[in-house]
Amino acid sequence: MHFYLGIDVSKAKLDCALRLSNGKYRNKVIDNNPVGFKDLQTWLHKHKVQPVDAIHVCMEATNIYWEAIALHLANLGMKVSVVNPAQIKAFGASRLVRTKTDKVDAQVIAEFAAERDPKAWEAPSKSEQQLRALVLRRDALQAMRTQESNRLGVAQETVRSGIEEHLLWLEEEIKAINKKIRDHINKDPDLKAKQDLLEGIPGIGKSSSASLLSFYADTKRFDNARKAVAFAGLDPRQHESGSSVRGKAKLSKVGHSFIRKAMYMPAMVTLYKTAWGKAFCARLKASGKCSMVIIGAMMRKLIHVVFGVLKSGMPFDVSKHMKVSEKALA
């Protein structure tokens, strides 16, 4: 017997759909916390889901709400797959699913696992998980600082002092979390060595290197650089049909938005402040590309470079990239 468990993830609860070997479903809603996870184990035992290798669990990568349950079930020895929500949406459309509820979504996810057999998710190391949590927290604090700064310019006197106090607190918190990130990386020899490699790439600094390491420290998670690029949603999307439809290629954006945001400033610095970036920009301008296309291309290029440097363990060689651009312009 083989079972498939689809989990529709939200912040507070998990809608679970267990697909039995006869194709029928059993459904249960649990809390998205350790108590709920134990309830799920009890429920699975009730349905005689034994041993653990007879079940394939599948869920969507919804924000960070899936991480705890994925780690819990993976640690129990279950096969856990975490897929892009766009895959589930397309699969549901292909099956002409017309109803949109959490229960139905969980069943669609289970059906997807049974039909497509997605590969198992590999949990990042504890050190990488901690670094990611710190980096995402810093991003949230910086977003709050921007919001409060925008409010301050139009604030009434009655609330201005409160906003100013909050901004001071945010500045201190951001400094503190930056120190935590530095200390965390410095205490881990592997992360420190990888950060040194990344900072050898012109345009990549300490802040962006920490953000990149939080998602790309373990390159074995990706078969090649193209998949590393697709993980960030920086892969180009073509839209052509017949002889009349010739849409411009755009970034797919079917990937982690945080990485795209984190790569924007490094791409800008690389393009306009470094020799190899300027040569890259000149080559694309010569072929008629506009500024936004060039920025997207540099973001994609940087992920390729980051993946190559981390996978090989070799420092970035700017001469190779300069030669490519010089040959293209010749």
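The first residue in the sequence is number 1, and the count goes up from there.
- Follow the hydrophobic side-chain contacts under 4.5 Å out from Met144 and you reach Phe258 in the same cluster.
- Arg19 contributes no side-chain N or O that, together with a main-chain N or O of Lys24, makes up a donor-acceptor pair within less than 3.5 Å.
- Side-chain rings of Phe307 and Tyr216 stay apart, their centers remaining 6.0 Å or farther from each other.
- By the criterion of side-chain heavy atoms lying less than 4.5 angstrom apart, applied directly or through intervening Ile, Leu, Val, Met, Phe, Trp or Tyr residues, Phe316 is not grouped with Val269; the two fall into different hydrophobic clusters.
- A salt bridge does not link Arg137 with Asp139: none of the charged nitrogens is closer than 4.0 Å to a carboxylate oxygen.
- Residues Gln195 and Leu212 have side chains not in contact (no heavy-atom distance under 4.5 Å, counting atoms from C-beta outward).
- Here Asn178 contributes atom CG and Leu134 contributes atom CG; the two are 10.0 Å apart, rounded to the nearest 0.5 Å.
- With contacts defined as side-chain heavy-atom distances shorter than 4.5 Å, the pair Val293/Lys250 does not qualify.
- Here the closest non-hydrogen pair linking Ile259 and Ala232 is CG2-CB, 3.7 Å.
- Taking Ile, Leu, Val, Met, Phe, Trp and Tyr as hydrophobic and joining them when side-chain heavy atoms fall under 4.5 Å apart, one finds Val108 in a cluster with Val83, Ile88, Phe91, Val97, Val104, Ile109, Phe112.
- Taking the six-membered ring for Trp and the full ring otherwise, Phe215 and His256 have centroids separated by under 6.0 Å.
- Cluster membership check: Val305 shares its hydrophobic cluster with Met268, using side-chain heavy-atom separations under 4.5 Å among Ile, Leu, Val, Met, Phe, Trp and Tyr.
- Across all their heavy atoms, Ser211 and Val135 have their closest contact at OG-CG1, 3.6 Å.
- We find the CG-CD1 distance between Leu40 and Ile30 to be 4.5 Å, quoted to the nearest 0.5 Å.
- Salt-bridge annotation for Glu148 and Arg145: absent, with no side-chain N of the basic residue lying under 4.0 Å from a carboxylate O of the acidic one.
- When side chains are defined from C-beta on, His47 does not count as touching Phe3, because their heavy atoms never get closer than 4.5 Å.
- Remark: Arg226 fails to qualify as a cation-pi partner of Phe231 under the 6.0 Å distance and 45° angle criteria applied to the six-membered ring.
- Contact annotation: the side chain of Met299 never approaches that of Ile303 to less than 4.5 Å [non-hydrogen atoms, C-beta and beyond].
- Here the OH atom belonging to Tyr272 is positioned 5.0 Å from the CD1 atom belonging to Ile295, to the nearest 0.5 angstrom.
- No donor-acceptor contact under 3.5 angstrom links the side chains of His2 and Ser21, judged on distance only.
- A donor-acceptor contact closer than 3.5 angstrom links the side chains of Asn27 and Gln107.
- Cluster membership for Leu198 and Val318, using ILVMFWY side-chain heavy atoms within less than 4.5 angstrom, is shared.
- There is no path of hydrophobic side-chain contacts, each under 4.5 Å, that joins Val57 to Tyr4.
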Item to complete: Starting from the C-alpha separation in whole Å, work towards a yes-or-no answer on side chain to side chain contact (heavy atoms under 4.5 Å, CB included) for Asp105 and Asp15.
Response: CA-CA 8 Å; Asp105 287 348; Asp15 286 80; over 6 Å; no
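- Going from atom CD1 of Ile185 over to atom OG of Ser209 covers 6.0 Å, rounded to the nearest 0.5 Å.
- Among all heavy-atom pairs drawn from Leu271 and Cys281, the shortest one is CD2-CB, 3.9 Å.
- Side chain of Asn32 to backbone of Tyr65: a donor-acceptor contact under 3.5 angstrom is found.
- Listed for the His184 side chain is a donor-acceptor partner under 3.5 Å among the backbone atoms of Ser127.
- Considering CD of Glu60 and NZ of Lys89, their distance stands at 11.0 Å, rounded to 0.5 Å.
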Worksheet item: What do the steps show when you test Ile7 against Cys58 for side chain to side chain contact (heavy atoms under 4.5 Å, CB included), and what is the final call?
Response: CA-CA 6 Å; Ile7 302 179; Cys58 187; over 6 Å; no
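- Looking at Val80 and Met59, their side chains come closer than 4.5 Å, going by heavy atoms from C-beta outward.
- Judged by distance alone, the side chain of Arg138 and the main-chain N or O of Glu173 form no donor-acceptor pair under 3.5 Å.
- For the pair Ser81 and His56, the minimum side-chain heavy-atom distance is below 4.5 Å.
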Worksheet item: Would Trp121 and Leu71 satisfy side chain to side chain contact (heavy atoms under 4.5 Å, CB included), going step by step from the backbone distance to the final call?
Response: CA-CA 10 Å; Trp121 169 74; Leu71 282 169; 3.7 Å; yes
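- For the pair Asp235/Arg300, no side-chain contact is recorded, criterion being any heavy-atom separation below 4.5 Å from C-beta on.
- Taking 4.5 Å as the limit, some side-chain heavy atom of Asp117 sits within range of a side-chain heavy atom of Lys79.
- Here the closest non-hydrogen pair linking His304 and Ala225 is ND1-CB, 3.3 Å.
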Practice prompt. Start with the C-alpha distance between Tyr25 and Leu20, add both sets of side-chain angles, then the distance that settles side chain to side chain contact (heavy atoms under 4.5 Å, CB included), and finish with yes or no.
Written response: CA-CA 6 Å; Tyr25 283 94; Leu20 306 177; over 6 Å; no
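- With hydrogens and angles disregarded, no donor-acceptor distance shorter than 3.5 Å links the side chain of Ser161 to the backbone of Glu157.
- We find the NZ-CG distance between Lys38 and Asn33 to be 10.5 Å, quoted to the nearest 0.5 Å.
- Between Lys187 and Asp183 there is no salt bridge, since no side-chain nitrogen of the basic residue lies less than 4.0 Å from a carboxylate oxygen of the acidic one.
- The pair Lys194-Glu199 fails the salt-bridge criterion, with no side-chain N (NZ, NE, NH1 or NH2) lying under 4.0 Å from an Asp/Glu carboxylate O.
- Heavy-atom minimum distance, Lys285 versus Ile294: CG-CD1, 3.5 Å.
- Between the side chain of Asp188 and the backbone N or O of Asp190, at least one donor-acceptor pair lies under 3.5 Å.
- Across all non-hydrogen atoms, the minimal contact from Thr270 to Pro266 is OG1-O, 2.6 Å.
- In this structure, Asp8 does not pair ionically with Lys13, as no charged nitrogen and carboxylate oxygen lie closer than 4.0 Å.
- Salt bridge Glu128/Arg132: present, at least one basic N to carboxylate O contact under 4.0 Å.
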